[in-house]
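Here's the structure we're looking at; comments come further down.
All values reported here derive from a predicted model rather than from experimental measurement. The analysis underlying the following values was restricted to heavy atoms, covering all of them including side chains, and did not include hydrogens, waters or symmetry mates. Counting convention: from 1, in listed order, for ligands and their atoms alike.
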Amino acid sequence: MEQHFTDTIDAGRRIEPRDWMPDGYRKTMIRQIAQHAHSEIIGMQPEGTWITRAPSLRRKAILLAKVQDEAGHGMYLYSAAETLGADRGDLTRKLIDGRQKYSSIFNYPALSYADVGVIGWLVDGAAIVNQVPLCRSSYGPYARAMIRICKEESFHQRQGYELLLAMMNGTSAQRAMVQDAADRYWWPSLMMFGPPDADSPNTAQSMKWGIKRHTNDELRQRFVDMTVPQAARLGVTLPDPDLRWNDERGHYDFGEPDWEEFKAVLSGAGPCNAERSARRRAAHDDGAWVREAALAHAARTRNPPAERIFAATGAPDA
Ligand code: FAQ
């Protein structure tokens with residue numbers, strides 16, 4: 001069975017839920033998918049606070065659609081985790097108890113409407129660079145979920161960039177807001193790709209299993225190369241004095257993110273960790289009656305009283 005699993009991966013074919021897989025593969029997939037699902041759900045919070053304060057009906061409709069998409073992504077991803085035997089309620093409990101991670105980026109505040117644009121441009125931009133290769137990930141349900149998610153992330157990235165273009169063509173105060181948001185989000189966006197390869201405990205095995213197709217540093221470089229010309233077109237300066245084109249490498253050189261800050265955010269000491277977790281916990285508690293009602297309804301439809309069945313289908317022959 002192990003040979004069949006290895007051959008399937010080596011041939012670039014997919015592992016499906018009923019296939020045999022090593023425990024470590026199942027565990028790693030559940031960890032990554034759960035972290036990804038939690039990120040989508042917690043990721044609704046920073047932008048969500050701006051829905052009621054959007055500057056126009058058009059901006060509000062766009063933002064509502066984006067935040068709803070993020071909820072949808074969380075739901076597909078929890079479903080993908082369920083195909084591996086994970087229990088959605090258990091994953092939610094692990095998130096709200098702080099036993100499972102979500103992306104570091106969502107522990108930073110969204111301070112102005114320019115942040116909505118910068119989150120779309122940089123955060124969704126980084127998510128796309130990370131997730132497009134995951135459409136070829138070895139676990140079938142995850143890879144297929146990722147195709148639709150990436151299509152929606154492209155809309156998210158473009159709406160952010162378009163908002164920023166409008167603001168950069170506006171007043172000097174609006175341009176300053178965009179620059180300030182880019183200054184705050186640039187380094188945390190680079191951290192989304194995870195620790196440097198030398199400090200990434202999971203990359204080597206995940207690459208062998210075809211879960212990850214590129215290392216954290218390769219994707220970070222790809223993101224920088226893609227984003228620098230976009231910043232120039234916008235007229236935004238990226239806050240890195242070491243950022244410059246390297247002709248020999250054919251890539252941009254860039255400075256080192258503050259990995260101590262990254263570790264602090266992962267350990268719960270980021271600017272918004274406590275607030276994000278408290279909000280998610282409160283939403284879960286407030287939703288208890290909905291879960292109870294849904295379970296009661298499901299039990300009734302599964303075991304309807306006999307008279308209701310016969311009313312719908314006619315009494316069975318004696
Ligand atoms: N934040 O060995 P590695 C979005 C953890 S996009 C927090 O390198 P791995 C869309 C890692 O889990 C954001 N934790 O780990 C959106 C591991 O934990 P362990 C979500 C991080 O898994 C946009 C430990 O550090 N995207 O939500 C981070 O091989 C806008 C060691 O790291 C995904 O999750 C981090 N940044 O590589 C929504 C994509 N980085 O072992 C709303 C799928 C690392 O202690 C608005 N995930 N860790 O449990 C992946 O591609 C990978 O899991 C990586 C990390 C690349 C994130």
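Using bins of under 30°, 30° to 60° and over 60° for the plane-to-plane angle, the ring pair Tyr25/Tyr139 lands in the perpendicular bin.
Taking a 6.0 Å sphere around CG of Asp23, one finds it holds 12 or fewer heavy atoms contributed by other residues, nucleotides or ligands.
Under 3.5 Å, the side chains of His36 and Tyr142 contain a donor-acceptor pair of N or O atoms. There is no side-chain donor-acceptor pair under 3.5 Å between His156 and Tyr161.
When each of Leu234, Val228, Thr227 is checked for a side-chain contact (heavy atoms from CB on, under 4.5 Å) with Gln230, only Thr227 meets the rule.
In this structure, ligand 1 sits under 4.0 Å from heavy atoms belonging to Arg31, Gln32, Gln35, His36, Ser39, Glu40, Gly43, Glu47, Lys66, Glu70, Lys101, Tyr102, Ser103, Ser104, Phe106, Val123, Asp124, Ala127, Asn130, Gln131, Leu134, Tyr142, Glu153, Met191, Met192, Phe193, Gly194, Pro195, Ser200, Pro201, Asn202, Lys212, Asn216, Phe262, Leu266.
By the ring-ring contact (aromatic ring centres under 6.0 Å, His included) test, Trp259 is found to be paired with Phe262, residues two or more places apart in sequence or in another chain being considered.
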